[in-house]
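Worksheet for the structure shown next.
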Amino acid sequence: MRNLTISDQTLQITAAKPEQTLSFRERVEIAKLLDKARADVIETAPITGGKADALLIQAIAAAVRESAVAVPVALTEDGPAQAWEAVREAAKPRLQVAVPMSVVQMEYVCRKKPPMVLSMISILVAAAKALCADVEFRADDATRAEPSFLRQAVAAAIEAGAGTVTVCDDAGGMLPEEFSAFVTELRADVPALSGVRLGVRCANDLGMAVACAAAAIQAGAGEVKVGAVSDEIPAMEAVAQLLRLRGEELGIRSGLNITELQRCIRHARRLAHGKRSKTSPFDAGVQDAPGAALFLNSFDDISAVAKAVKRLGYDLGEEDTARVYEEFVRIAKRKNVGARELDAIVASAALQVPPAYRLQSYVVNCGNIIAASAHVRLEKDGKPIGEICVGDGPVDAAFLAIEQIIGHHYELDDFQVQTVTEGREAMGSALVKLRAGGKLYSGKGISTDIIGASIRAYLNALNKIVYEEG
């Protein structure tokens with residue numbers, strides 16, 4: 001039985017479609033889903049936007065554990081080094097040298113004549129091989145190339161160190177038997193192909209991409225390009241079905257995780273096409289509201305969070321932005337952050353006074369046969385202070401512990417608790433109103449722990465009192 005390599009091009013295909021523009025987080029999430037489905041290779045979009053593209057690839061490389069991460073090399077002298085710098089930390093890095101083979105595409109994309117293109121292939125593949133053990137040469141538009149030139153290009157790439165050679169029917173006009181004959185003849189004319197993996201990419205213009213891929217596999221292909229969310233090339237689930245029903249007969253198998261495949265593909269499609277469930281805990285509730293499709297996670301930096309905050313309609317200064325980001329990091333370690341979560345974070349962290357008291361830690365014990373107790377530790381002027389109190393419930397015990405620490409009792413005018421999001425990892429929001437000197441001071445706190453949200457809300461209101469009294 002031969003192992004068939006499944007190489008997914010979802011991230012490349014969606015990057016080329018303005019209507020399917022994905023956020024940084026969504027692209028990383030799709031990569032993680034493909035990794036969980038055990039795609040052998042995950043192909044990223046090329047580095048065209050400078051540092052942002054490189055950072056995305058680095059994030060994907062860090063998130064992916066089992067799959068190889070393939071990065072297209074720019075057709076320039078520093079292309080291999082640039083791509084390698086972005087993907088080098090991946091568990092299984094791959095550099096991909098993609099060059100058009102048809103005369104029209106060569107002149108349009110490369111602005112070079114065939115002899116110069118052959119020289120470029122040798123130079124780029126050799127440079128990529130010097131950096132990365134796994135190098136793929138992809139012959140784009142191969143079925144419309146001059147046969148003799150295509151064979152020279154494939155032979156040059158193999159001689160320069162390519163371990164995988166992929167031929168593409170980008171026109172999508174071949175029938176299965178024609179594509180099978182194309183692959184068979186190529187393998188016969190380039191003996192060096194027997195020593196490398198031969199891949200195929202079949203466009204689905206005639207609706208026969210899977211059939212063409214199956215014909216190529218029978219002719220000796222060992223890698224197939226698929227798309228988890230696209231119908232332009234063979235769908236991953238269709239290839240998985242082919243392997244399940246006819247794999248033994250074809251003498252092939254793959255490492256796809258069939259159990260996880262359907263769930264991962266459905267999730268990836270929701271991300272790519274924006275078809276999120278109305279009951280999603282991250283749904284903003286109004287389709288066209290600012291931030292309705294806002295999703296952040298621990299990979300997002302302070303600039304991404306600042307942009308998201310602005311989308312929600314807030315105009316924060318540098319200090320408030322820093323406070324929001326600090327709170328965001330704490331929440332993002334536990335769960336993804338959507339528009340509603342970020343809204344609550346801004347309400348609790350921004351537009352606040354300098355905190356006189358900061359929460360260090362809290363431990364609460366309660367049950368139906370013991371009195372509730374709370375051990376709260378705060379920080380003031382850089383010094384930790386703590387107290388343990390017993391109360392009528394965990395929240396009351398925590399508030400009494402804070403009063404013991406500050407040495408003052410303030411009238412609790414109002415206390416409200418509600419969920420910000422849904423599900424097992426729902427965030428809780430607490431509102432505390434304290435009365436001091438005839439004035440009312442409100443504070444808000446959020447956390448995945450409702451006790452923690454209540455303590456933060458109390459401190460938020462307390463710090464406002466301390467600030468005004470000071």
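Given the structure is predicted, the values throughout are model-derived calculations rather than measurements. Count residues from 1 along the sequence.
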If only atom types and distance count, is the side chain of Asn204 paired as donor or acceptor with the main-chain N or O of Ala209 below 3.5 Å? yes
Between the OG atom in Ser148 and the CG atom in Asp189, the distance rounded to the nearest 0.5 Å is 10.5 Å
Rounding to 0.5 Å, atoms SG (Cys202) and CD (Glu232) come to a distance of 13.5 Å
For residues 207-221, the side-chain hydrogen bond (donor to acceptor under 3.5 Å, both in side chains) pairs (sequence neighbours left out) are none
Scanning both residues in full, the closest heavy-atom pair of Lys32 with Ala63 reads CG-CB, 3.7 Å
One should read off an interatomic distance between Leu193 CG and Ile158 CD1, to the nearest 0.5 angstrom, of 4.0 Å
Any side-chain heavy atom of Met116 within less than 4.5 Å of one from Met106? no
Here the pair of heavy atoms bringing Phe179 nearest to Asp169 is CE1-CB, 4.0 Å
Counting only N and O atoms by type, is there a donor-acceptor contact under 3.5 Å from the side chain of Lys92 to the main-chain atoms of Glu66? yes
*Backbone of Gly445 reached by a side-chain donor or acceptor of Asn460 within 3.5 Å*: no
Give the C-alpha distance, both sets of side-chain angles, the deciding distance and a yes or no for side-chain hydrogen bond (donor to acceptor under 3.5 Å, both in side chains) between Ser447 and Asp449.
-> CA-CA 5 Å; Ser447 176; Asp449 173 9; 5.4 Å; no
With a sphere of 6.0 Å drawn around CD of Glu178, does it hold more than 12 non-hydrogen atoms of other residues, nucleotides or ligands? yes
Practice task
Compare all side-chain heavy atoms of Thr14 with those of Ile30 and state whether any distance is below 4.5 angstrom.
Solution key: no
Counting N and O atoms only, with roles assigned by atom type, does the side chain of Arg2 sit under 3.5 Å from a partner on the main chain of Ile217, one being a donor and the other an acceptor? yes
Tell me whether Lys36 at atom NZ has more than 12 heavy atoms from other residues, nucleotides or ligands lying less than 6.0 Å away.
no
message: For the backbone of Leu242 and the side chain of Arg246, can you confirm whether one donor and one acceptor N or O come within less than 3.5 Å of each other?
response: no
Report task. Apply side-chain contact (heavy atoms from CB on, under 4.5 Å) to Arg25 and Val337, showing your working. Result -> CA-CA 10 Å; Arg25 188 209 65 84; Val337 175; over 6 Å; no
One should read off an interatomic distance between Asp140 CG and Thr166 OG1, to the nearest 0.5 angstrom, of 9.5 Å
Note: Phe328 and Asp300 closest approach over all heavy atoms is CE2-O, 3.9 Å
| task | Indicate yes or no: does Glu327 engage Arg323 in a salt bridge with an N to O separation below 4.0 Å. | result | no
**Asked** With no hydrogens and no angle check, is any side-chain donor or acceptor of Ser454 less than 3.5 Å from a backbone partner on Ile450?
**Response** yes
Separation between SG (Cys264) and CG (Asn257), nearest 0.5 Å, reads 7.5 Å
Heavy atoms of Val196 and Gly163 approach each other most closely as CB-O, 3.4 Å
Paired with Val73, the side-chain contact (heavy atoms from CB on, under 4.5 Å) test is passed by just one of Val125, Asp78, Leu95, namely Leu95
For residues 37-57, dump all side-chain donor-acceptor pairs below 3.5 Å to protein atoms at least two apart in sequence or in another chain.
| unit_1 | atom_1 | unit_2 | atom_2 | d |
| --- | --- | --- | --- | --- |
| Arg38 | NH1 | Asp35 | O | 3.2 |
| Asp40 | OD2 | Ile6 | N | 2.8 |
| Glu43 | OE1 | Gln9 | NE2 | 3.0 |
| Glu43 | OE1 | Gln12 | NE2 | 3.3 |
| Glu43 | OE1 | Gln96 | NE2 | 2.9 |
| Glu43 | OE2 | Ser7 | OG | 2.5 |
| Glu43 | OE2 | Lys225 | NZ | 2.5 |
| Thr44 | OG1 | Ala70 | O | 3.4 |
| Thr48 | OG1 | Asp53 | OD2 | 3.3 |
| Asp53 | OD2 | Thr48 | N | 2.8 |
| Asp53 | OD2 | Gly49 | N | 2.3 |

Notebook entry, point to check: Under 3.5 Å, side chain of Asp134 to main-chain N/O of Arg94, donor-acceptor pair present?
Noted result: no
Minimal heavy-atom distance between Ala156 and Ser122, with the atoms involved, is CB-OG, 3.6 Å
request  = For Asp301 and Ser303, test the side chains for any donor-to-acceptor distance below 3.5 angstrom and give the result as yes or no.
outcome  = yes
CD of Glu159 to CD1 of Ile121, rounded to nearest 0.5 Å, is 12.5 Å
Nearest heavy-atom contact between Leu33 and Ala268 is CD1-N, 3.7 Å
Worksheet item: Is atom CD of Gln360 surrounded by more than 12 heavy atoms (other residues, nucleotides or ligands) closer than 6.0 Å?
Response: yes
| query | In this structure, are over 12 heavy atoms from other groups packed under 6.0 Å from Glu177 atom CD? | reply | yes
_Can a donor-acceptor pair be found, under 3.5 Å and without considering hydrogens, that links the side chain of Gln105 to the backbone of Ser102?_
no
- Query: Taking side chain as C-beta onward, heavy atoms only, is Met236 less than 4.5 Å from Leu34?
  - Reply: yes
Between Asn3 and the options Arg197, Arg253, Glu223, the side-chain hydrogen bond (donor to acceptor under 3.5 Å, both in side chains) test singles out Arg253
Report task. For Lys129 and Ala133, indicate whether the former's side chain and the latter's backbone hold a donor-acceptor pair under 3.5 Å. Result -> yes
Could you please spell out the steps behind the side-chain contact (heavy atoms from CB on, under 4.5 Å) verdict for Leu11 and Ile60? CA-CA 11 Å; Leu11 295 177; Ile60 291 172; 3.8 Å; yes
State, with a plain yes or no, whether a side-chain heavy atom of Leu150 is found less than 4.5 Å away from one of Phe182. yes
